[in-house]
Amino acid sequence: MDYQVVSVKQALSMPVGSAIEARGWARSRRDSKGITFIEINDGSRFKGLQLVVEAGAVPAETLEAVTTGSCIAARGQVTESPAAGQPVELKVEQIHVYGSADPAHYPLQKKGHTMEFLREIAHLRARSNTFGAVFRVRNALAFAVHQFFHERDFLYVHTPIITTSDAEGAGAMFHVSTLEPGQFPKTETGEPDWSQDFFEKAAYLTVSGQLEAEALALAFSKVYTFGPTFRAENSNTPRHLAEFWMIEPEMAFYDLKDNMQLAEDFLKYIIAYVMEHCEEDLAFFNQRIEPTVLQTLEHVANSSFEHITYTEAVNLLQKANRTWEFTPEWGCDLQTEHERYLSEELFKKPVIVTDYPKIIKAFYMRLNEDDRTVRAMDVLVPRVGEIIGGSQREERLDVLRARLVETGLPEEAYWWYLDLRRFGSAPHSGFGLGFERMMMYLTGMKNIRDVIPFPRTPGSAEF
Ligand code: 4AD
Ligand code: MG
């Protein structure tokens with residue numbers, strides 16, 4: 001007899017009577033009146049395939065090895081299922097056990113586990129309902145990102161992971177070096193002598209692909225990067241990772257208004273895409289993780305984003321009738337509590353805050369006429385706070401040089417970035433979307449460590 005090899009997803013829509021072979025990991029096993037019920041899942045769908053094994057259908061020692069967590073292949077006939085919530089099940093004729101899992105030691109049992117516990121078994125947690133759903137959504141979201149830009153004629157470019165410049169002009173970078181610890185060559189003044197290192201100068205993991213993306217935007221007009229970025233800041237919060245993925249579009253001839261419009265269209269598009277392609281997984285998040293997920297996503301699709309300036313935002317925060325951990329004050333960066341208040345409580349939708357004080361933003365943002373604020377934009381969303389950071393870029397050579405001096409950055413290190421303003425400069429803008437922050441928004445997951453397969457945070461890079 002020929003059995004067609006299918007995924008669980010395919011099996012669930014096969015016509016009754018089909019002879020199939022399905023493979024996967026046993027999620028549960030139940031024995032009742034001589035019949036064994038086994039649910040297998042292969043990650044192709046939230047829903048698993050129910051196997052029904054009648055007494056004597058397979059050898060007893062084979063069936064015995066089918067424990068929760070074991071990996072098996074099952075062959076049989078697709079039959080109509082009497083059980084609620086599933087159209088079909090598999091009446092099993094043969095089972096092959098690839099690998100059993102000792103019930104005394106397999107840590108992922110049917111009972112609910114805490115997120116903290118599951119983080120300690122990140123190598124196995126993808127086999128749980130929650131993480132299966134998270135990583136399927138992650139896949140769909142990444143695909144939606146590429147499709148959005150592809151449809152709009154953006155060029156997908158790859159910017160370097162190793163860099164010798166600090167894009168954000170702030171500290172908190174990881175060194176990249178081949179020097180042996182403890183044997184660092186020293187300069188005459190006792191500093192590490194990076195000129196003897198692999199790149200003959202100090203090198204780091206990138207915090208952003210923006211500066212290189214600007215160079216490419218000033219050749220291809222519209223580009224985007226989508227890659228890993230690294231921040232060594234010691235912030236142990238539910239929204240910060242040391243290694244996270246960022247999507248950075250950069251567009252020549254775009255001013256801040258065009259940039260804001262693109263950000264809004266982009267967020268709406270990727271939300272709509274995931275809602276269309278991950279219905280089953282989103283329904284789970286809405287039911288078990290965060291009851292407002294679907295409602296907020298639908299709301300975003302149907303409303304336009306609020307636009308306010310930083311100065312207006314600070315006024316609104318000062319007028320708010322509440323006590324803050326950090327008192328809002330002009331010139332201080334907005335804290336997560338402020339960002340969430342604005343988007344979650346006051347406007348109840350995404351808010352774009354623009355024109356921040358230059359002293360709290362990076363050197364490359366375009367200076368406003370007032371000489372105090374820059375053409376920055378942050379997109380804030382309910383539950384998560386800042387999800388996008390971006391700006392119109394300073395395209396005037398003299399102003400940019402003055403900003404480098406003002407912020408204490410060495411002009412020589414930015415020679416090529418300044419060249420872009422010397423040769424064929426153009427107004428341009430861009431932004432960065434934190435991929436994991438977007439994942440938190442879509443799924444309602446409360447901790448950023450639970451939306452990336454193997455999180456890196458201070459003190460933690462086990463897997
Ligand atoms: O606001 P950020 O620092 O902006 C930039 O890096 C710009 N160069 C982007 C650009 O204009 N091309 O970071 C952008 C976004 C934030 O809004 C946030 O969503 C996310 O990246 N992000 C982090 N996500 C997880 N962990 C961290 N430590 C993050 N830091 C920033
Ligand atoms: Mg930011």
Side-chain angles (χ1 to χ4, degrees), residues 141 145 149 154 157 159 163 165-174 205-217 222-251 254 256 259-260 262-263 266-267 270 310 333-336 338-340 343 350-354 356-357 360-366 374-381 383-394 417 428-442 445 447-452 455-458 460:
L141 181 61
V145 165
F149 289 117
F154 279 67
V157 298
T159 50
T163 172
S165 69
D166 175 351
E168 296 301 300
M173 301 181 82
F174 291 100
L205 292 178
T206 190
V207 296
S208 158
Q210 179 195 320
L211 303 195
E212 289 89 354
E214 284 185 53
L216 297 166
K222 294 192 289 187
V223 302
Y224 73 103
T225 71
F226 183 1
T229 51
F230 308 87
R231 308 238 170 141
E233 65 226 311
N234 203 351
S235 25
N236 239 317
T237 81
R239 326 189 140 61
H240 289 89
L241 288 167
E243 176 180 297
F244 66 99
W245 289 66
M246 186 153 54
I247 297 119
E248 297 183 272
E250 191 70 36
M251 299 74 61
Y254 271 48
L256 192 70
N259 205 22
M260 289 196 281
L262 185 76
F266 178 46
L267 290 181
I270 56 183
Y310 168 87
D333 210 355
L334 300 182
Q335 302 295 320
T336 301
H338 306 140
E339 296 173 342
R340 290 187 60 175
S343 60
V351 179
I352 310 186
V353 182
T354 61
Y356 283 72
I360 56 171
K361 288 294 186 186
F363 71 95
Y364 53 69
M365 298 191 178
R366 195 178 197 281
V374 287
R375 306 242 77 194
M377 62 172 219
D378 275 10
V379 181
L380 319 176
V381 298
R383 287 201 317 271
V384 176
E386 180 193 337
I387 200 162
I388 282 179
S391 70
Q392 184 169 339
R393 318 304 189 191
E394 186 55 75
Y417 191 70
H428 62 288
S429 300
F431 62 81
L433 168 70
F435 191 62
E436 287 76 18
R437 299 258 176 105
M438 188 66 204
M439 279 295 297
M440 291 175 76
Y441 191 49
L442 280 170
M445 295 293 284
N447 195 310
I448 200 163
R449 293 165 177 80
D450 300 328
V451 294
I452 187 167
R456 271 89 182 90
T457 52
S460 167

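For the numbers below, each heavy atom of this structure counts, side chains included, while hydrogens, waters and symmetry mates do not. All of these numbers come straight from a predicted model, not from anything done at the bench. Numbering starts at 1 and runs along the sequence shown. Counting convention: from 1, in listed order, for ligands and their atoms alike.
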task = Would you check if the side chain of Arg231 reaches a backbone N or O of Val207 as a donor-acceptor pair within less than 3.5 Å?
result = yes
key: Candidate list Asn447, Leu241, Ile448, test side-chain contact (heavy atoms from CB on, under 4.5 Å), partner Pro455, passing option   = Leu241
ask   = Is a donor on one side and an acceptor on the other found under 3.5 Å between the side chain of His240 and the backbone of Thr237?
value = no
task = Using a strict 4.0 Å threshold on nitrogen-to-oxygen distance, state whether Arg393 and Glu250 make a salt bridge.
result = yes
query = Between Glu243, Lys361, Met440, Glu248, which one has a non-hydrogen atom sitting closest to atom 9 (C) of ligand 1?
reply = Glu248
query = Between Glu248 and Tyr224, does any side-chain donor sit less than 3.5 Å from a side-chain acceptor?
reply = no
ask   = Which of the atoms in ligand 1, numbered in the order shown and given with their element, are less than 4.0 Å from a heavy-atom of Arg393?
value = 10 (C), 11 (O), 12 (N)
query = For the atom pair NE2 (His428) and OH (Tyr254), what is the distance rounded to the nearest 0.5 Å?
reply = 14.0 Å
inquiry  = Distance under 4.0 Å to a non-hydrogen atom of Leu241: what atoms of ligand 1 satisfy this?
reply    = 25 (C), 26 (N), 27 (C), 28 (N)
remark   = A student checking ligand 1 against Gly390 at a 4.0 Å heavy-atom cut-off should list atoms 11 (O)
query = Which atoms of ligand 1 are found less than 4.0 Å from any heavy atom of Arg239?
reply = 25 (C), 26 (N)
inquiry  = Can you tell me which portion of Arg231 lies within the under-4.0 Å heavy-atom range of ligand 1? Options are side chain, backbone, both, or neither.
reply    = side chain
ask   = Looking at Glu386, which of its N, O or S atoms is the nearest one to the Mg ion (ligand 2)?
value = OE2
query = Can you check side chain to side chain contact (heavy atoms under 4.5 Å, CB included) on Gln392 and Asn259, steps first, answer last?
reply = CA-CA 8 Å; Gln392 184 169 339; Asn259 205 22; 6.0 Å; no
query = Counting each atom of ligand 1 from 1 as listed, which ones have a heavy atom of Gly389 under 4.0 Å away?
reply = 1 (O), 9 (C), 10 (C), 11 (O), 17 (O)
key: Ile387 N/O under 3.5 Å from ligand 1 N/O   = yes
ask   = Using a heavy-atom cut-off of under 4.0 Å, does the side chain or the backbone of Ile388 touch ligand 1, or both, or neither?
value = backbone
task = Indicate yes or no: does an N/O atom of Ser208 lie under 3.5 Å from an N/O atom of ligand 1?
result = yes
query = Out of curiosity, is Arg456 lining ligand 1, as in a heavy atom under 4.0 Å away?
reply = no
task = With the side chain counted from C-beta on, respond yes when Phe435 and Phe244 share a heavy-atom pair under 4.5 Å apart, and no when they do not.
result = no
ask   = Taking the six-membered ring for Trp, are Tyr356 and Tyr310 parallel (under 30°), tilted (30 to 60°) or perpendicular (over 60°)?
value = tilted
task = Mark up the atoms of ligand 1 that fall under 4.0 Å of a heavy atom belonging to Ile448, in ascending order.
result = 25 (C)
ask   = Taking heavy atoms and a distance under 4.0 Å, where does Tyr364 meet ligand 1: side chain, backbone, both or neither?
value = side chain
key: Phe431, portion touching ligand 1 at heavy-atom distance under 4.0 Å   = backbone
key: Within reach of ligand 1, part of Glu436 (heavy-atom separation under 4.0 Å)   = neither
message = Minimum heavy-atom separation for Ile270 and Val145, please, with both atom names.
response = CG2-N, 4.0 Å
Interfacing atoms of ligand 1 (cut-off 4.0 Å, heavy-atom, Glu233) = 28 (N)
query = What is the minimum heavy-atom distance between Asn236 and Pro458, and which atoms define it?
reply = ND2-CB, 4.0 Å
